[in-house]
Amino acid sequence: MCRMSESSNVAARLRARIRASGPVTVETFMEESATAYYATAEPLGARGDFITAPEVSQVFGELVGLWAAVVWQNMGAPAVVHMVELGPGRGTLMNDLLRATLVVPAFAKALKIHLVETSPRLTALQRQRLCSSGFPLAWHARFEDVPYGPLLVVGNEFLDSLPIRQFERTADGWRERLVGLAADGKTFCFVPGLINARPPLPASVRDEALVGAIAEGGTAVQNCITAVATRLVSYGGAALFIDYGTAVSAVGDSLQAVRHHAYHPLLGAPGETDMTAHVDFAAAIATASQSGTRIYGPVSQGKWLCRLGILTRAECLLAQARSGPQAQAVVAGVQRLIDDTAMGSLFKVLGLTHPNLLSLPGFDRTG
Ligand code: SAH
């Protein structure tokens, strides 16, 4: 009930805005849709719209927890470290991460947990999930509100949910792709915007794209990377961004809408579908470099998890499995995370650190 009324409100609001002042950017459409979607929908899990790595297997969050413990030791084991998760969904990654840190008691004792989340509904779910963990927990609507100090940051499938802008290379130059209304006055459709001589796109894409190409850019991902990188350089620590995307900037229309584990018409139901775009890791790296962080990767998720010992952890879980189906679930989950035909290579891991951190678990010097 709530889901329908909130999402139809979004569609009605967007239509009214377009009628009053003309087509909106893809960024505005995506942002309005995402706010309503995460506020009301059941996005994650088998009964939701999509599934993420921590929801696939507990091993994912556990390995991120052990990664964090090693990084903390390499940071000189500060007495207090802020562990920040961006977009924590149902709190599954943090729950598994915190359990894993108990094997390094001094690290567990140093941790202050910060969850950066805009959805009140998901915040309530995370609270429910984590309140008995015994760790000090705090929620923030923006990363910038996390207190200053040494920090460890993780964002899994966070960057892909941030809004993007799209541009089309036409015969007379780049035009922003906008969302307007079809002749029926109701159906959302793409319409070309004005010529933009310097669209915010990587130079290689801007200068070399052929007529007809679509390219993606925008400020939300870059602002997030800059905010995290600046903190790392000032206070020490490391960040992990795990997401699907490309290692090299390229043209392409990666915007997608998903509902009940299937693709949905892109502009068909704002507020009712999960709208995401592939992350341009090269652009993220270019932004992070400007803040002076050390950069690791991106490396494929499969390779990163194998380097952290996912297969050894899976063997332990298999030895503890109480039934055939339980053992099969362990194997299927791990395979899904690391297999190149599943999440293993489309998903990538980018590490950013203070310049003094000369190694990062799961990455070699060249990623
Ligand atoms: N990391 C989780 C969930 C990914 S879904 C997992 O891997 O399962 C994206 C998450 O980011 C949701 O929790 C959503 O509410 C949150 N989110 C989306 N946009 C956000 C923003 N601008 N600021 C903070 N959180 C945001």
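Just follow the structure's listing: the first ligand is 1, and inside any ligand the first atom is 1. Heavy atoms only: backbone and side chains are in, while hydrogens, waters and symmetry mates are out.
The single protein non-hydrogen atom nearest to atom 13 (O) of ligand 1 is E117 OE1, 2.6 Å, given as residue, atom name and distance. In this structure, atom 7 (O) of ligand 1 lies nearest to the protein heavy atom N156 ND2, 2.7 Å. The protein heavy-atom contact nearest to atom 22 (N) of ligand 1 is L162 CD2, 3.7 Å. Protein heavy atom in closest approach to atom 6 (C) of ligand 1: T52 OG1, 3.3 Å.
Classification of the W174-F167 ring pair by plane angle, with boundaries at 30° and 60°, yields perpendicular.
Under 4.0 Å is where a charged nitrogen must lie from a carboxylate oxygen, and between E176 and R165 at least one such pair does.
Side-chain atoms of T40 and R121 form no donor-acceptor pair, as typed in the model, at a separation below 3.5 Å. Using modelled atom types and a 3.5 Å distance limit, the side chains of E117 and T123 yield no donor-acceptor pair.
Listed by first and then second residue, the side chain to side chain donor-acceptor pair (under 3.5 Å) pairs involving residues 340-352 are D339-T341 (not counting sequence neighbours).
With a 4.0 Å cut-off on non-hydrogen atoms, L93 does not touch ligand 1 at all. If you look at L44 next to ligand 1, the close heavy atoms, those under 4.0 Å, all belong to the side chain.
The closest approach between T35 and ligand 1 stays at or above 4.0 Å for every heavy atom of the residue.
For atom 10 (C) of ligand 1, the candidate residues are P120, P54, G87; the nearest heavy-atom contact is made by G87.
The ligand atoms of ligand 1 that sit less than 4.0 angstrom from a heavy atom of E157 are 4 (C), 5 (S), 9 (C).
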